[in-house]
2 protein chains.
Amino acid sequence: MKTKTTIRNLPAEQRRAVTVEAVIELAAEKNPASITTAEIAGRMQLTQGALFRHFPTKDALWQSVMEWVTAQLLGRIDKVIATTESPLEALELMFAAHIDFVVKHPGAPRMMFAELQRPDPTAAKAIAQTMLCNYSDRVGKLLVKGMKEGIIDPALDVAAASVMFIGMVQGLVMQSMIAGDIAVMLGNAKPLFALYARGIKK
Amino acid sequence: MKTKTTIRNLPAEQRRAVTVEAVIELAAEKNPASITTAEIAGRMQLTQGALFRHFPTKDALWQSVMEWVTAQLLGRIDKVIATTESPLEALELMFAAHIDFVVKHPGAPRMMFAELQRPDPTAAKAIAQTMLCNYSDRVGKLLVKGMKEGIIDPALDVAAASVMFIGMVQGLVMQSMIAGDIAVMLGNAKPLFALYARGIKK
DNA sequence: CGGAAGATTGTAATCAATTACTATTTTCCA
DNA sequence: TGGAAAATAGTAATTGATTACAATCTTCCG
């Protein structure tokens, strides 16, 4: 298998993938809503006009970005869920996988948040909403499973616990934005989940 | 005392206040980073140019908005803290006050988040950072007080619990954005805090 | 050489900000 | 106390920069 050394004249599919990655990178540095097509092109050593050869509109590009985030995040957590027996352990590994993903791609949650903020019902926004619903669903299912197994408090409010789970990630993201350092998330993830576990355990 | 009925020719200070409110309103409907000066002016029945009579730059306006949010939010929670003996009860009332504020002004947390995302160290961003540090500090002090009183788990990770507290608000905001309905926060606030309390109590 | 990928150049719309000007209040003293 | 003068508030038009997007060349590679 030969690896491409040149970044010019990439096949279309590969170029699209590189473009999505460039957007995620940029989203880590600034407000996603303010990212311009010129900036994206500049980041990947391309002219602005060339971008529109691979994406008909900017929104189509953003749609691809949201699909990438969805595939990445849900892919990671589904792998964890599939290989873990204990629901509580699965939740912890799922949380760790989520944080790991966010640390590796800080732009991803920002894209998510920015997309949800849009007033008009775009395709990209719908993908973001669906993704979070699916995410919340998986958390809820694990909680219910834990309740049936007698590990988790049977009186637990599953909806609240799901919101809390997502809120933990958001809280860490916010903390890292205040600190201006993404890595702080890694240090705070473990005690944060311990606190969560303490709240939901039987 | 006579009340002004006209919205034209307001005194400068009053006009600035109205402008800040208009921005908060707009931020509830769309991504704060995408709010234009023309939109702000349009919302308050004013021409775009007139805005720059009261604010030298757009960033100066955003600075005023962040100061307003700071004064409102910290003002509310400080009042709660000052009039409540029990630290656990204070945390619950503080959480309720925060949610109440966010429900009344959904644009406020969005402005906060958008400002924190900016790459350049603007004055507005600094205000947002300081505000959140102060907020986190107040949560931390209440937690420590509760630990001393023997109400809260002495082994609690205060930093993690502070992140979780802010994360709860963020989680609710995110949930309301997915649902497209701000009011869902009110229904989920109580069970969410109950879950939090369960995690930090002795 | 033929087609896909990229460069170059261009456009209409929109952005924050400034201009020259008018309308409205407020001030203050004869 | 009335009314000219000064200060303040707002308008309409315009600025140069920037935006997403399009049309037309040019290069590369099998």
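Letters A, B, ... are given to chains in the order of the sequence lines, protein chains preceding strands, and every chain is numbered from 1. Only heavy atoms go into these numbers, but all of them, side chains included; no hydrogens, no water, no symmetry mates.
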side-chain contact (heavy atoms from CB on, under 4.5 Å) between B/Met66 and B/Met112, intermediate numbers included: CA-CA 7 Å; B/Met66 297 318 294; B/Met112 222 63 201; 3.1 Å; yes

Whole Å only: how far is the [atom1] atom of [X] from the [atom2] atom of [N]?
X       : N      : atom1 : atom2 : answer
A/His54 : D/dC21 : NE2   : C1'   : 15 Å
B/Arg16 : D/dG10 : CZ    : P     : 11 Å
B/Gln14 : D/dG10 : CD    : C1'   : 15 Å
A/Arg15 : D/dC28 : CZ    : C1'   : 13 Å
A/Leu46 : C/dA4  : CG    : C1'   : 14 Å
A/Leu51 : C/dA7  : CG    : P     : 11 Å

Greater than 12 external heavy atoms within 6.0 Å of A/Lys190's NZ: no

Distance-only polar pair, side chains of B/Glu89 and B/Thr84, donor-acceptor under 3.5 Å: no

Nearest non-hydrogen partners of A/Ala128 and A/Leu116, listed with the distance: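 Here A/Ala128 and A/Leu116 meet closest at CB-CD2, 4.1 Å.
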
Below 3.5 Å, can you tabulate the donor-acceptor pairs from side chains in residues 93-110 of chain B to any protein atom, sequence neighbours excluded?
from, atom 1, to, atom 2, distance (Å)
B/His98, ND1, B/Tyr135, OH, 2.5
B/Asp100, OD1, B/Lys104, NZ, 3.2
B/Asp100, OD2, B/Arg76, NH1, 3.2
B/Asp100, OD2, B/Lys104, NZ, 2.9
B/Arg110, NH1, B/Ala28, O, 3.1

Protein proximity profile, nucleotides 15-22 of chain C - base contact B, sugar-phosphate-only contact S, no contact -, cut-off 4.0 Å on heavy atoms: SBBB----

Donor-acceptor contact below 3.5 Å, side chain B/Arg118 vs main chain B/Ala114: no

